[in-house]
Structures are given as C-alpha cells and as structure tokens.
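Chain letters run A, B, ... following the sequence lines, proteins first, then strands; residues in each count from 1.
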There are 2 protein chains.
Amino acid sequence: MDKKSLSEDCLRNLRGIKDTQDLLSGKWKTSIIGALYHNGKFRFMELKRHIDGIAPKVLSKELKDLEMNRLITRKVRDTMPITVEYELTPQGKSLNKVINAMGEWGVRYRELMMKK
Amino acid sequence: MDKKSLSEDCLRNLRGIKDTQDLLSGKWKTSIIGALYHNGKFRFMELKRHIDGIAPKVLSKELKDLEMNRLITRKVRDTMPITVEYELTPQGKSLNKVINAMGEWGVRYRELMMKK
DNA sequence: GCTAATTGTTACCTATTGGTAAGTAGTTAC
DNA sequence: GTAACTACTTACCAATAGGTAACAATTAGC
C-alpha cells in the first residue's frame, strides 16, 4: 500500500516525540521548566516576575498541569506569610536534554535571523 | 526588588527556549519534523499517512508555517500526476538534537508511566 | 464511464487557549 | 488604617486552533 514505511523503532520514536510535545504544550510550559531548571526552586511570584508576560491565572493553570504530569512538585511552607515553592521532580529534571537543546537551538536561530 | 535574579546567560537561554517553543507550537509540528528527519523526504499524502490523525487542512497549514520559518522546503516535481516533496532545510535538520531528545524522553516517560 | 489517486482548498463549527480585570483572604509594614 | 505583599481564584471575553465534510482539477486504471 505505502511504498515507504517506517521501522518499529522510528514509530516508537515518533510516538515519543508526540508524547513529549503534548506534555509540553502551550505557550509557557517550557519556559517554566527552563526557569526552574536554572534556579532549582521558585515561588509563585518569583516565577511570574521571571517569565515575562504571563498572567497569574495562566501561570497557575500551567503549574497545575505540570504537577499533574509529575514534572514539578508544589510545596507549601508554613511561613508568615505562607510561601509556596515549586521544584522539578527527577522526572522533570530529566527533561534537561530537551530544554537545553531548545535553548541552544533558539539562541543560534535568533543569531542567524539577525544576520540576514 | 527581587532577591533571586538570573544571569544574562540564563536570560538569553530562556529566551531561546521560548523562541524554539514558539516555532514548534501546535499539536503536529514536531511530529512532522520527526518524520522528515527519519525519512529525508516525504510527499504530502505520505506524511498524512504516517502522522496518525492529522487532517489535510491542518497538515497543509503546519507545512506552510514550517516553510515560512525556513525549517522545511517544498519542491513541486513536474511528474504525472504532480508530486510535491517536503524536506528539511539545514536549519530544520539542526533541530535534530531537540527532536531526538524529545523522542528519547517521551519513550522513557511512557515506559515509566506504564510500570506504575 | 466509474473509481481512485494526486495536492490541496473551502466553508463551517466548536472547544480550548490565553488574556484582562477584579476580587479574596491572610499578614505585615508604615 | 491603609497600603502592600503573599498566592491565587473568579467572571468574562476574544482569538485561535483544530476538526469535519465536501469539493477542485488533473490523471490513470479497469
């Protein structure tokens, strides 16, 4: 039926790509993970300040998504006033190759586009 | 004002992450690039068959986006009937680190989720 | 002459995304 | 007592993404 057909390995890989894409969907998730990756921990307002342009509602929703997928943890600390810390799980940290590659590629792409 | 502040390097990196995320936005772009990466070239219908569930309208739009951002090329070959070949540009190929990392991570994530 | 394939386009619809602006509830500093 | 900080939530709205179904224009095979 189809002349070219991809191997089992390729198909598994493509499904992996799709899974990752789905988990990192939306405008902000990679930025959040990137920020947490650089800094270890961040509180809600710190994240909001570092991620330029994100609305609190949206940040809140993205954090919930990431928590549900076990990429970050949310820890409420009983301080005055209450502070909340967000941190990558080992799962989330294991995204570093993806995030780093995205960062490097993006920096290079921007440089290239500037030159032209 | 803000106790924790990220270095110039980190900020550039975060911007790179965001740029990459924006270029790869949507449900299908990484899948398309992944497929092209594995196979070199693909025709429209071949892509459609290999990317499970994508509608022709959507595929068409995604391909236009990718072409506009110079990640793929579109070549019309004067055969009977006309065939169209899509291929990664050097720019697009340079995304391999990102795409590979996404593929590998996704495969591992799925395995982990299966076990639990 | 009918069917099927090529690469798309068009019209239409809906669900989701993402944004704004305001509010909540508690605490602290001036 | 009022402003400001914490971490959010709520109501509302607009734009977009993405899907379905049908169609276009050409050619080939039966």
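- Annotation: of the two residues near DNA chain D, Lys61(B) and Ala55(B), the 5′-most nearest-nucleotide partner is Lys61(B).
- Each of Val98(A) and Val107(B) belongs to its own hydrophobic cluster when Ile, Leu, Val, Met, Phe, Trp and Tyr are linked at side-chain heavy-atom distances under 4.5 angstrom.
- Per the geometry, NZ belonging to Lys18(B) stands 12 Å off C1' belonging to dG18(C), to the nearest Å.
- A salt bridge does not link Arg15(A) to Asp19(A): none of the charged nitrogens lies less than 4.0 Å from a carboxylate oxygen.
- When rounded to the nearest whole Å, the span between CZ of Arg77(B) and C1' of dT27(D) equals 17 Å.
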- How far apart are the C-alpha atoms of Lys48(B) and Phe42(B), what are their side-chain angles, what is the distance that settles it, and do they pass the side-chain contact (heavy atoms from CB on, under 4.5 Å) test? CA-CA 9 Å; Lys48(B) 184 171 151 15; Phe42(B) 263 133; over 6 Å; no
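- Distance from the side chain of Ser60(B) is smallest to dG8(C) among dG19(D), dT7(C), dG8(C).
- Grouping the Ile, Leu, Val, Met, Phe, Trp and Tyr side chains by contacts below 4.5 angstrom, directly or via other members, places Phe44(B) apart from Met68(B).
- Listed nucleotides dT6(D), dG18(D), dT9(C) differ in distance to Lys27(B); the shortest reach to its side chain belongs to dG18(D).
- A salt bridge is defined here as a Lys NZ or Arg NE, NH1 or NH2 lying under 4.0 Å from an Asp or Glu carboxylate O, and Glu85(B) with Arg77(B) meets this definition.
- Rounded to a whole Å, the CE atom of Met45(B) is 11 Å from the C1' atom of dA4(C).
- With rounding to whole Å, Lys75(B) atom NZ is found 21 Å from dT6(C) atom P.
- Relative to the side chain of Arg43(B), the nucleotides dG8(C), dA7(D), dT6(C) differ in distance, and dT6(C) lies closest.
- A donor-acceptor pair under 3.5 Å is absent between the side-chain atoms of Thr73(B) and the main chain of Thr89(B), judged by distance alone.
- Tyr86(A) pairs by the ring-ring contact (aromatic ring centres under 6.0 Å, His included) definition with nothing, not counting sequence neighbours.
- When rounded to the nearest whole Å, the span between CG of Leu63(A) and P of dA7(D) equals 11 Å.
- Between the C1' atom of dG18(D) and the CD atom of Gln21(A) lies a distance of 14 Å, rounded to the nearest Å.
- Helix bend of the helix from dG1(C)-dC30(D) to dC30(C)-dG1(D): the angle between its two end axes, each built from five pairs, comes to 0° after rounding to 10°.
- For the atom pair CG of Leu88(B) and CG of Asn96(B), the computed distance is 9.5 Å after rounding to the nearest 0.5 Å.
- Distances were taken from every side-chain heavy atom of Thr83(A) (C-beta onward) to each of dT7(C), dA17(D), dA7(D); the shortest belongs to dA7(D).
- If you take CZ of Phe44(A) and P of dC5(D), they are 15 Å apart, rounded to a whole angstrom.
- Between the C1' atom of dA7(D) and the CG atom of Asp78(A) lies a distance of 14 Å, rounded to the nearest Å.
- In terms of modelled atom types and a separation under 3.5 Å, the side chain of Glu104(A) and the main chain of Gly16(B) share no donor-acceptor contact.
- The Val58(B) side chain lies nearest to dG18(D) when the options are dG8(C), dG18(C), dG18(D).
- Using a 4.0 Å heavy-atom distance criterion, Lys64(A) is classed as a sugar-phosphate-only contact.
- Taking a cutoff of 4.0 Å between a charged side-chain nitrogen and a carboxylate oxygen, Lys61(A) and Asp65(A) qualify as a salt bridge.
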Pull out every protein N or O sitting under 3.5 Å from an N or O of nucleotides 21-28 of chain C, one pair per line with the distance.
none

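- Here Arg74(B) lies in heavy-atom contact (under 4.0 Å) with sugar-phosphate atoms only.
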